[in-house]
Colleague: 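Sharing a structure with you now.
As a basis for the values below, the full set of heavy atoms in this structure was taken, side chains included, without hydrogen atoms, waters or symmetry mates. Both counts, for ligands and for their atoms, begin at 1 and track the order of listing.
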Amino acid sequence: MDKLAIIGGRELYGDIPISGAKNSALKIMVAALLTDEPLALKNVPELADVAMLKKLLAQHGVQLSGQDNQLTLHTKNITSTIAPYDLVRKMRASFNVLGPLLAREGNAKVSLPGGCAIGSRPVDLHLKALTAMGAQIDLEDGYVIASTPNGLTGASISFPFVSVGATEHTMMAACLAKGQTVLKNAAREPEIIDLAQCLIKMGAKIDGAGTSTITIDGVDRLNGTTHQILPDRIETGAYAMLVGATGGELRLRDTDITLLGAAQGSMEEAGLIITPHDDGFSVRREGERCRAVNIVTEPYPGFPTDLQASFMAMMVTAEGTSTIKETIFENRYMHAPELSRMGAKISVDGQNATVTGVSRLKGAPVMATDLRASMSLVMAGLGAEGQTMINRVYHLYRGFERLEQKLSNCGALIKRVSE
Ligand code: EPZ
């Protein structure tokens with residue numbers, strides 16, 4: 001298994017181009033199942049998760065072509081409505097093929113996504129929404145077996161809490177349902193807006209994406225289109241926070257600071273100076289160390305759970321004590337014991353973590369446990385004195401495109417080593 005070797009303690013200076021958003025690309029790729037015409041996507045990041053979804057879509061009959069971050073998906077015919085365990089269990093976004101398969105073919109058999117390192121992550125909201133739209137759903141041997149004898153019908157669906165995946169999944173299915181669907185307490189993430197904009201270009205009638213009420217009027221068919229995936233706000237935020245850990249100045253290109261929601265304010269409070277430009281922004285640290293800031297993770301536009309680990313990596317060397325409350329996932333502090341191996345002072349109690357800043361971390365061997373936790377270890381390693389060796393680094397390539405290259409270009413000493 002590959003490792004990442006990092007020699008820390010250098011300030012970073014340079015430009016980092018931000019890739020297309022993983023969590024938008026994955027959902028928009030699934031939307032290709034809704035039309036028999038080609039869907040041409042630009043700015044698709046080359047990531048392990050994207051490669052895995054391509055495999056799943058190919059076995060449903062999607063023809064895939066393209067290179068250099070361009071990808072065309074063409075689903076002339078759906079050749080299989082079964083999404084097997086092996087392809088769904090590795091990545092939860094795969095589960096979202098259920099609604100589109102059902103909407104287009106009237107039946108689907110999709111494996112449950114299974115457990116996940118950051119928590120149990122059920123799919124009950126997805127299934128309740130599809131049931132409200134007339135789907136008959138049975139669970140058998142770890143599979144969801146769904147059919148719509150009379151097609152999907154529009155419904156009024158009020159989510160008991162905000163779910164990104166359930167909002168996107170239901171919005172896609174509703175595009176081809178009969179009549180109107182209203183989603184209340186919908187997620188408002190920029191990726192929801194990106195998916196809605198693509199679906200609208202495909203002929204869908206969607207109103208209100210980006211607010212907590214989305215209205216979808218079903219149409220008989222969707223057409224192909226061309227769509228550019230929006231910039232990855234989590235990659236953007238992680239590289240901006242990296243400056244808090246290392247010092248220096250980075251210019252993040254092909255992105256937009258306004259995508260960061262509440263995270264921008266927290267970064268500025270911590271002492272990062274952000275200067276917007278036409279194609280992104282620059283970021284530098286005000287003093288020798290960041291200031292301690294308290295955060296609570298929340299659905300967008302609140303502080304994103306996907307940046308919680310990165311923020312902690314910045315807080316471990318901040319001046320003072322900060323508290324972090326993780327409200328979205330129940331087990332998302334796996335980076336804390338690894339950061340402690342490098343000298344961080346963190347105590348975790350259920351949803352809450354308390355971080356007392358130390359002046360410097362020391363490099364150590366650590367273990368990456370999930371995608372975002374892995375990035376926090378890279379950040380900590382780059383800020384630390386001496387060598388950090390990160391094990392199980394494959395998690396990183398699920399979500400950060402050309403990571404070593406982007407960082408090396410800014411003066412980081414980081415190398416992937418194969419065993
Ligand atoms: C998306 O996951 C993202 N993944 C996650 O990013 C992100 O952390 C999360 O949204 C929150 O922003 C993708 O877009 C592929 P949810 P999703 O449904 O849709 C519970 C990353 O690192 N829930 O908003 O799965 C759930 O367990 C990943 O890129 C139910 O109980 O998140 C969680 O506690 C990790 N029942 C909460 O809701 C359901 O049916 C929010 O989850 C659905 C969700």
Side-chain angles (χ1 to χ4, degrees), residues 19-31 45 47-50 52-53 56 88 90-99 110 112-132 137 139 144 157 159-172 183 185-195 212 229-230 232-238 259-263 296-310 326-332 334-335 351 368-376 395-401:
S19 301
K22 167 183 82 92
N23 288 345
S24 185
L26 293 174
K27 316 307 168 56
I28 291 179
M29 285 167 68
V30 169
L47 298 168
D49 276 11
V50 168
M52 217 175 327
L53 184 60
L56 176 67
V88 179
K90 294 185 189 140
M91 191 182 56
R92 188 177 159 86
S94 311
F95 186 71
N96 282 19
V97 299
L98 174 63
V110 177
L112 286 163
C116 169
I118 61 175
S120 59
R121 304 182 78 188
V123 285
D124 52 329
L125 300 189
H126 300 234
L127 299 182
K128 274 189 196 140
L130 292 172
T131 305
I137 290 183
L139 298 182
V144 174
I157 295 159
F159 294 113
F161 51 88
V162 174
S163 162
V164 174
T167 301
E168 292 165 332
H169 198 169
T170 316
M171 186 165 78
M172 279 197 274
L183 306 181
N185 201 20
R188 292 179 284 159
E189 270 65 5
E191 293 76 21
I192 309 263
I193 302 177
D194 203 31
L195 172 61
S212 49
I229 303 294
L230 94 165
D232 196 309
R233 67 193 162 95
I234 305 304
E235 189 195 26
T236 304
L259 290 171
L260 286 180
V296 179
T297 64
E298 282 168 342
Y300 194 83
F303 192 99
T305 172
D306 290 347
L307 283 174
Q308 177 258 105
S310 295
E326 170 58 59
T327 70
I328 309 291
F329 293 113
E330 74 262 33
N331 186 25
R332 217 176 191 187
M334 283 171 298
H335 43 287
Q351 286 188 310
T369 47
D370 68 68
L371 165 59
R372 308 301 173 189
S374 310
M375 186 57 173
S376 74
H395 291 288
L396 272 171
Y397 305 104
R398 294 187 61 180
F400 290 92
E401 191 179 36

Colleague: Does Pro122 have a non-hydrogen atom less than 4.0 Å from ligand 1?
Modeller: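 Flag set, Pro122 near ligand 1.
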Colleague: Once you restrict to heavy atoms under 4.0 Å, what part of Asp124 touches ligand 1? Side chain, backbone, both or neither.
Modeller: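 The answer is both, backbone and side chain.
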Colleague: Just to be sure I read this right, does ligand 1 sit under 4.0 Å from the backbone of Lys27, its side chain, both, or neither, counting only heavy atoms?
Modeller: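 Under 4.0 Å from ligand 1, Lys27 contributes side-chain atoms alone.
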Colleague: Heavy atom to atom 35 (C) of ligand 1, shortest distance: which of Arg332, Met91, Glu330, Met375 holds it?
Modeller: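 The nearest heavy atom belongs to Arg332.
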Colleague: Do Glu191 and Arg233 sit within salt-bridge range, that is, some charged N less than 4.0 Å from a carboxylate O?
Modeller: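 Counted as a salt bridge, because a side-chain N and a carboxylate O are separated by less than 4.0 Å.
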Colleague: Can you name the atoms of ligand 1, numbered from 1 with element, that are less than 4.0 Å from a heavy atom of Leu125?
Modeller: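 This gives 36 (N), 39 (C), 40 (O) as the contact atoms.
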Colleague: Not counting sequence neighbours, which residues clear salt bridge (charged side-chain N to carboxylate O under 4.0 Å, His left out) with Glu189? List them please.
Modeller: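 With neighbours one apart ignored, the set is empty.
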Colleague: For Glu191, which part has a heavy atom under 4.0 Å from ligand 1: side chain, backbone, both, or neither?
Modeller: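 Neither part.
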Colleague: Out of Thr297, Ile234, Ile328, Leu127, whose heavy atom sits nearest atom 41 (C) of ligand 1?
Modeller: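 Going through Thr297, Ile234, Ile328, Leu127 one by one, Ile328 has the nearest heavy atom to atom 41 (C) of ligand 1.
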Colleague: Go through ligand 1 atom by atom and flag the ones less than 4.0 Å from a non-hydrogen atom of Val123.
Modeller: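 Selected atoms, number and element: 39 (C), 40 (O).
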Colleague: Hey, is Asp306 touching ligand 1 through its side chain, its backbone, both or neither, going by heavy atoms under 4.0 Å?
Modeller: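 It is the side chain that touches ligand 1; the backbone stays farther off.
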Colleague: Decide yes or no for Arg332 and Thr297: does some side-chain heavy atom of the first lie under 4.5 Å from some side-chain heavy atom of the second?
Modeller: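 Contact flag for Arg332/Thr297 side chains = no.
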Colleague: Is any NZ, NE, NH1 or NH2 atom of the basic residue among Glu168 and Lys27 found under 4.0 Å from an Asp or Glu carboxylate oxygen of the other?
Modeller: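 A salt bridge is present here (some side-chain N lies under 4.0 Å from a carboxylate O).
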Colleague: Does Tyr300 approach ligand 1 within less than 4.0 angstrom via side chain, backbone, both or neither, non-hydrogen atoms only?
Modeller: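 Tyr300 to ligand 1: no contact under 4.0 Å from either part.
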